[in-house]
Amino acid sequence: MQLYGPLLSRVASSYEANSELRKELLQEIYLAVWQAMVGFRGQSSEKTYVLRIAHNRSVSHVASQMRHKGREDICVQSLPDERTAPEDKMVRQNQQQALLIAVRKLPLQSRQVMTLFMEGLSYQDIAEVCGISAANAGMILNRARQTLSKELNHE
């Protein structure tokens, strides 16, 4: 489970801005993955299997939070950065934060496909996790990229 810790943390961050709810979501993901691993039959890579569980749990979390629409997103945590120069680190953190905020604004399926792509999954793996065709995954990804580009370039 430790092997996937950073990966699962990034998944949780892409779905939840509130730090406390993000921690709760991450715990739910860990539990769901732990419970589901007994059913892993090797029909896909273990990473794909774990990501499918994580994204399904995240989608359920978002749906549940949508029912509680009045909550506030009080914290946006940026992803870690290895750069040492403070100015470079600040610029990189601001870019990551802007990207994360923009990804969270995407419709749920687009957010899921984009997050999986950002984790390095192929179209085929994304399709397997999402239960769609590889062609559909590519189409959703292209639309999500266009939307993010417009959002980040303030068009």
Between Y4 and E46, is there a side-chain donor-acceptor contact under 3.5 Å, judged purely by atom types and distance? yes
Value rounded to 0.5 Å, distance of OG in S110 from CD in Q146: 11.0 Å
R52/E128 salt bridge by N-O under 4.0 Å criterion: no
Taking the side chain from T147 and the backbone from R143, do they hold a donor-acceptor pair closer than 3.5 Å? yes
Any sub-3.5 Å donor-acceptor pair from S58's side-chain atoms to A54's backbone N or O? yes
From the list H61, R22, K23, side chain to side chain donor-acceptor pair (under 3.5 Å) partner of E16 resolves to H61
Could you state whether M139 and Y123 fall into the same hydrophobic cluster, counting links through intermediate Ile, Leu, Val, Met, Phe, Trp or Tyr residues with side-chain heavy atoms under 4.5 angstrom apart? no
Taking it one step at a time, do L116 and V11 satisfy side chain to side chain contact (heavy atoms under 4.5 Å, CB included)? CA-CA 8 Å; L116 292 168; V11 170; 6.0 Å; no
Would a distance-only check, ignoring hydrogens and angles, find a side-chain to backbone donor-acceptor pair under 3.5 Å from R10 to M118? no
Quick one: pull up CG in D125 and SG in C130 and give me the separation to the nearest 0.5 Å. 10.5 Å
Any L148 side-chain heavy atom under 4.5 Å of L99 side chain: yes
Hey, what's the ring geometry for Y49 with F40, parallel, tilted or perpendicular (30° and 60° as the breaks)? tilted
Using side-chain heavy atoms (C-beta onward) and a distance below 4.5 Å, is M37 in contact with V50? yes
Note, E24 side chain near E28 side chain (heavy atom, < 4.5 Å): yes
For A127 and A137, the nearest pair of non-hydrogen atoms, with its separation, is N-CB, 4.3 Å
When rounded to the nearest 0.5 angstrom, what distance separates CG in L121 from OG1 in T48? 5.0 Å
Verify side chain to side chain contact (heavy atoms under 4.5 Å, CB included) between R145 and N142, making sure each step is shown before the conclusion. CA-CA 5 Å; R145 283 179 174 164; N142 285 332; 3.7 Å; yes
Can you tell me how far the CZ atom of R57 sits from the CD atom of Q35, to the nearest 0.5 Å? 10.5 Å
With Y15, which of R111, H55, Q112, R104 fulfils side chain to side chain donor-acceptor pair (under 3.5 Å)? H55
Point-to-point distance, once rounded to the nearest 0.5 Å, from CG of L51 to CG of N56: 10.5 Å
Backbone of I132 reached by a side-chain donor or acceptor of N136 within 3.5 Å: no
Between K47 and L7, is any pair of side-chain heavy atoms under 4.5 Å apart? yes
Run the side chain to side chain contact (heavy atoms under 4.5 Å, CB included) check on I29 and I53 step by step: do they pass? CA-CA 7 Å; I29 290 170; I53 295 163; 5.8 Å; no
Quick check against the 3.5 Å criterion: does S9 have a side-chain atom that pairs as donor or acceptor with the backbone of G5? no
Working to the nearest 0.5 Å, report the span between CD of Q27 and CG of L8. 11.0 Å
